[in-house]
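Structure record follows, encoded as structure tokens.
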Amino acid sequence: MLDPKIIKENPQIIRDMLKARSVDFDLDGLIKSDQKRRELIIKTDELRKKKNQLALDISQKKKMGENPSSILSEMKNISGDLTKLESEQQIIENTYSKLALTIPNLIDETVPIGIDQNANKEIRKWGTIPNFDFKIYDHIDISKDLDLVDLERAAKVAGARFYYLKNDLVRLNQSLIHYGLEFLAKKEYSLIQPPYMINRESMEGAIIADDFEEVIYKIDEEDLYMIGTSEHAMAAMHSKEIIDGKDLPLRYAGISPCFRKEAGAHGRDQKGIFRVHQFDKIEQFVFSRPEDSRNEHEKMLAVSEEFYQNLEIPYRVILLSTGDMGKVSSKTYDIEAWMAGQNTYREIVSCSNCLDYQARRLKIRYRDKTNEDTQYLHTLNSTLIATTRILVSIIENFQTKDGHIRIPQVLQRYMGNQKEI
RNA sequence: GCGGGGAUCGCCUAGCUUGGUAGGGCGUGGGAUUGCUAAUCCCAUGUCAGCAAUGACUCGUGGGUUCAAAUCCCUCUCCCCGCGCCA
């Protein structure tokens, strides 16, 4: 949700944003319904004022022992008019909020403009791409050979895009989680293990309606949705709260499984564990003062980069273009890790500044002093690690000539000092 | 799952029986006054509309009754106590 003031006073900014994102949106409808809405508010307020006055008169007369029947009939009329006006207002209010909830976020001026990923900008590269003097394999072949995943039985039991992790890969997955949590705890993030299912209201705070169908699983007959990431649960954590300014920024490290329908991904990454319906993820989530959010954004990116440097995984940082970016984000960096088996960089981290967009939906405000006006704060989120993708990268990048997998130095202590799988 | 109690402003609370302008305290900020280890008093402190003056809304949610609902009736959600079931 955007600041209604911008829509009212400076619609050109919104028009530019919609064009840059190549998004089809009924802005005129939004502006019109907003106008109509304001007019109706003024009308109903006036009528209510009258009604309140009459109610007061009635109670006065009754106190004085007089008969209020003459006022009663007038009151009845006004109540009737008001009910009509209120239902009219409700309709307009629904139209307005439906549009207001689907309009995408504003775009940071540093974001490259373009229709798709071809307009993305590479910011930097880190690490040396491994050079192999033997024939290499992808993560599917290697993990089959070492008995580390069972995709066939997962397909039998749950369907495509599910997996059984097995043996040392289970331990490696847990090591990544353990190391990731220790890493963020040292940086003074509060560790959070959130609910894995949340209600509709909370989910709508974090994502836009179209995403429901594409990514979110719903629990039948319950007002519950499986989180697609702990971001959803952490964003809603402070909904409808007024946070004390001195507690900001709030930096959270969320650990949870993530559940995704992947409905729009038919045929892409069909094999293996790169794109799956369920994976573990540690997520950074920050609630910040508006003036600090750009700075916090860069910090989160730096934290994730440091993590991959420690894991010795070559990566590059990409600044997403307007056409490739999520609608909730104003600026997104992706980190793409080298995957030797595919001979390319693939997305592992997405790091976004959502400005006050989510905060407005979720009504998360702050103030420094209790007599001050409340202000919407800014929310930011970044992957630290989505484990399955890093497992792919580790398996492929660290494969050895004799068909094993070298375990990155920093993870060895979490695997009983084992050096190889 | 059953029985009982509850949800009021950032926090604590009064009001509900008997319908008629939601009051007080704490905290925080501003101001005033007096100056013996500090005290007292006043104002402000949710949301929306409005340039403003103002006005409207807000008592967990959604309905209903009524001229009028925090208050009466119904639905749902959540919390607490007891019982039951349970990894």
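Treat the numbers as computed from the prediction; the structure is a model and nothing was measured. In the text below, chain A, chain B and the rest are named by the order of the sequence lines, each starting its count at 1.
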Whole-Å distance separating the [atom1] atom of [X] from the [atom2] atom of [N]:
X: A/L56; N: B/G55; atom1: CG; atom2: C1'; answer: 15 Å
X: A/R37; N: B/G50; atom1: CZ; atom2: P; answer: 9 Å
X: A/E9; N: B/C51; atom1: CD; atom2: C1'; answer: 11 Å
X: A/D373; N: B/A44; atom1: CG; atom2: P; answer: 15 Å
X: A/D3; N: B/A49; atom1: CG; atom2: P; answer: 10 Å
X: A/E93; N: B/C57; atom1: CD; atom2: C1'; answer: 12 Å

Any side-chain N or O of [X] under 4.0 Å from OP1/OP2 of [N]?
X: A/T374; N: B/G46; result: no
X: A/K246; N: B/G10; result: no
X: A/S59; N: B/A68; result: no
X: A/R365; N: B/U47; result: yes
X: A/N52; N: B/A56; result: yes
X: A/R48; N: B/G55; result: no

Taking all atoms of both residues into account, what is the closest heavy-atom pair of A/Q418 and A/Q412, and its distance?
O-CG, 3.2 Å
Where is the tightest heavy-atom contact between A/L311 and A/I390, given as atom of each residue plus distance?
CD1-CG2, 4.3 Å
Could you tell me the Watson-Crick or G-U partner of [N], where both distances fall under 3.5 Å? Say none if there is no partner.
N: B/A22; answer: none
N: B/G27; answer: B/U45
N: B/C36; answer: none
N: B/G1; answer: B/C83
N: B/C9; answer: none
N: B/U65; answer: none

With [atom1] as the reference atom in both, quote the distance from [N] to [M] in angstrom, rounded to an integer.
N: B/C41; M: B/G55; atom1: P; answer: 29 Å
N: B/C73; M: B/G4; atom1: P; answer: 15 Å
N: B/U65; M: B/A49; atom1: C1'; answer: 30 Å
N: B/G63; M: B/C79; atom1: P; answer: 24 Å
N: B/G62; M: B/C57; atom1: P; answer: 16 Å

Is it possible for you to check whether A/R389 lies under 6.0 Å from the centre of the six-membered ring of A/F274, through NZ or CZ, and within 45° of that ring's axis?
yes
Check against salt bridge (Lys or Arg N to Asp or Glu O under 4.0 Å), A/D356 and A/R365:
CA-CA 9 Å; A/D356 62 359; A/R365 291 157 294 164; over 6 Å; no
Evaluate the side-chain proximity of A/I313 to A/I348: yes if any heavy-atom separation is below 4.5 Å, no if none is.
no
With a 4.0 Å cut-off on heavy atoms, is [X] in touch with a base, just the backbone sugar-phosphate, or nothing at all?
X: A/D368; result: nothing
X: A/K240; result: nothing
X: A/T44; result: nothing

